[in-house]
Amino acid sequence: MPIVECDAVNKIYQQGRVEVAALQDINLHIPEGAFIALAGPSGSGKTTLLNLIGGLDTATSGTIRVVGKSMAKLTQTQLAQLRLSQVGFVFQSYNLIPVLSAQENVEFVMLLQGIPAAERTGRARSILDTVGLKDKYKRRPAELSGGQQQRVAVARAIVANPAIVLADEPTANLDSKTGQGLLELMQQMNTERNVTFIFATHDQMVMQYAERVVYLKDGRIKTDTLKQHRDKVEPK
Amino acid sequence: MNMHVQIGWRNIWRNPKRTAVILTAIIIGVWSMIFLSGLMRGIADQMVRNGISNLTGHLQLHPHHYRRDPSVDHRISDAERLAAVLRQNLPAGAVWSRRVRVNAVAGNARHSSGVTLVGIDPAKEAQLSFVSSAITRGRYLRSGDNRGIIVGKALLAKYETRLGRKLVLMSQDATGEISSRAFRITGVFQTELKATEKQFVFVNLTAVQKMLQIDSAISEIAVLLPSHQQADAVAGQLRQALAEHKIDVSTWQDLLPLVKATIKIYDSFIFLWFLVVFIAMGFGIVNTTLMAVFERIREFGLLKALGMRPGWIMRMVLTESLFLLMLGLLAGNLLGMLSIYALAETGIDLSAFAAGLEFVGMGRIIFPVVQIRDVVGANLVVVVLGLAVSAYPAYKAAHFTPVQALTHT
Ligand SMILES: Nc1ncnc2c1ncn2[C@@H]1O[C@H](COP(=O)(O)OP(=O)(O)O)[C@@H](O)[C@H]1O
Ligand SMILES: [Mg+2]
């Protein structure tokens with residue numbers, strides 16, 4: 001069973017009297033363990049799609065299922081619970097709570113999940129070690145570089161063993177070398193922990209890391225390419 | 001430390017300047033609540049004290065009808081039996097004194113006017129009212145000195161007389177005739193209130209009894225208890241014990257209705273003041289918290305994306321408010337107590353307004369009095385209402401839609 005299923009999804013924003021169709025007839029199934037890129041120019045609907053999958057926003061029509069649950073049927077509290085237990089987010093920037101240290105930021109999600117303090121500390125430190133921030137536990141976000149902040153964000157997204165991580169242009173504010181490092185980290189997490197990664201990007205280099213690239217334009221899926229097989233799959 | 005607590009604590013120091021401003025507002029508010037209520041209670045307390053030492057005592061016993069018509073016609077003849085009942089029923093440490101108190105006319109060559117003539121037992125009276133300790137010139141009455149009289153300083157001036165001079169007192173005696181008797185001024189007393197100085201003149205109990213031809217009868221017994229809180233209970237007990245004696249027992253509240261009413265007014269005054277301070281402070285709190293919330297919209301979006309429920313976010317904002325309130329309360333209480341403590345010895349001199357204050361029975365120097373009730377009230381008002389007004393910004397923070405919040409720059 002796919003971990004994310006979008007069927008005939010439309011999202012229309014009402015901007016004053018104008019209706020903006022941010023997504024039109026999106027059909028997309030993502031299997032568990034995928035490492036998939038949502039590509040496309042700015043304004044093509046990538047962020048909107050990620051927000052719908054993450055339950056931050058609701059579709060105008062169509063159905064979205066995440067880990068088998070139909071998003072439209074969940075209350076705000078249930079959506080929050082779903083995000084807390086199943087979904088990790090990595091945004092382009094300002095991912096971290098400024099008043100908390102790197103370790104505390106990672107612990108915070110576990111705190112919300114009710115994991116006891118001793119276990120939190122152990123798990124937070126070990127995941128920070130994995131993302132290469134062994135000596136940065138106590139640093140506040142402002143004392144970390146952009147790349148380091150994104151690594152903390154990935155660590156936080158992954159630490160509670162979610163089913164999927166949604167990353168919206170996670171490398172957009174990084175130089176290409178740092179960006180590549182982050183992508184390699186995400187890839188590593190994907191293979192080691194079998195966590196599904198869905199990331200939005202408009203960067204050609206970033207797309208090369210994906211095993212599958214879904215290309216959006218004007219709110220529609222234009223192409224859906226499985227790169228390992230170099231097969232070009234036409235959208236349904 | 002709990003992480004939620006830590007986050008709240010750190011968040012309030014993100015904008016130290018704003019936090020300092022709102023803390024200052026809370027501190028001044030709390031300080032003024034505590035200090036002003038302390039002053040008001042001090043004023044009320046002094047009114048009670050003045051009233052009580054102004055011959056009232058905590059309890060008074062009178063013959064039936066005396067309070068309606070304080071004349072020699074209403075008197076207690078069997079004072080000894082009454083004394084026996086008192087000895088049995090008063091708590092240890094209580095003192096009492098017999099008096100004859102009647103209206104009289106005092107006159108000399110220059111002036112004559114109505115006064116209250118009080119016959120006292122000098123030794124006993126010294127234990128429970130102001131007279132003996134208020135003598136500023138001459139000397140207090142001696143028992144057996146049936147010609148001496150003590151008058152107030154203001155009366156002395158009004159009659160243009162001085163120590164050693166004669167003063168003639170006239171009053172209706174037991175036979176219904178006007179009898180008069182000449183006294184020599186042996187002492188002058190001074191009080192906070194000029195009206196008291198002009199109203200009361202004191203002579204020996206036996207002198208008045210002779211003058212009014214009432215043998216050993218009296219018109220009043222004043223009782224001073226170890227504490228004024230005991231007044232009601234003891235009065236009840238006495239009323240039972242004296243049921244067949246045709247005696248009225250009154251408490252200081254019965255005898256000083258104006259003081260009682262004034263204390264009530266002060267209660268509402270203090271309440272109003274708390275309200276006014278709080279409304280001013282409340283606006284500040286709402287404003288600050290709203291600013292703090294709107295500055296962090298994106299962060300609340302992030303917290304929602306992480307899976308925080310609206311209720312948790314509300315709790316987070318309220319925790320920050322609670323910290324501000326607690327800090328402000330701590331400093332405000334401390335400052336309030338310190339300033340009251342500093343004035344506890346010297347008091348505040350209000351003699352500039354004394355003419356007006358006298359009317360309500362207040363002295364010239366006010367000593368603030370702390371009532372736990374007021375302090376607890378002030379703190380509760382600030383915490384409860386402070387959190388209540390923070391609920392609006394907290395609700396706002398919790399209900400930004402995540403997408404709006406995340407795209408907010
Ligand atoms: N909150 C919104 N209100 C109105 N229009 C929006 C809103 N969010 C996105 N849009 C519009 O939806 C379209 C898709 O936006 P978005 O998903 O952010 O694209 P991308 O992330 O690919 O750049 C754009 O035309 C954008 O202007
Ligand atoms: Mg976008």
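Computed from a prediction, not measured in an experiment: that's the story for all the values here.
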Can Met326(B) and Leu330(B) be said to form a side chain to side chain contact (heavy atoms under 4.5 Å, CB included), step by step?
-> CA-CA 6 Å; Met326(B) 294 299 233; Leu330(B) 199 76; over 6 Å; no
Does the ring center of Phe91(A) lie less than 6.0 Å from the ring center of Phe89(A)?
->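 Yes: the rings meet the under 6.0 Å criterion.
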Looking only at heavy atoms and a cut-off of under 4.5 Å, which of [options] has the most pairs with chain B?
options: Pro98(A), Ala160(A), Ala157(A), Ser85(A); result: Pro98(A)
options: Thr48(A), Val87(A), Leu79(A), Asn95(A); result: Asn95(A)
options: Val109(A), Val99(A), Thr77(A); result: Val99(A)

No-hydrogen, no-angle side-chain donor-acceptor test under 3.5 Å, [X] and [Y]:
X: Asp168(A); Y: Gln92(A); value: no
X: Asn379(B); Y: Asn333(B); value: yes
X: Ser101(A); Y: Gln103(A); value: no

Short question: side chain of Gln78(A), backbone of Thr75(A) - any donor-acceptor pair under 3.5 Å?
->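 The answer is yes, because a donor-acceptor pair under 3.5 Å joins these two groups.
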Which atoms of [X] approach chain B - backbone, side chain, both or neither, heavy atom under 4.5 Å:
X: Leu111(A); value: side chain
X: Thr58(A); value: neither
X: Glu104(A); value: both

What residue, out of Arg296(B), Gln404(B), Lys304(B), has the most heavy-atom pairs lying under 4.5 Å from chain A?
->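 With the most close heavy-atom pairs to chain A, the winner is Lys304(B).
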Please state whether the side chain, the backbone, both or neither of Trp13(B) comes within less than 4.5 Å of a heavy atom of chain A.
->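 Neither part.
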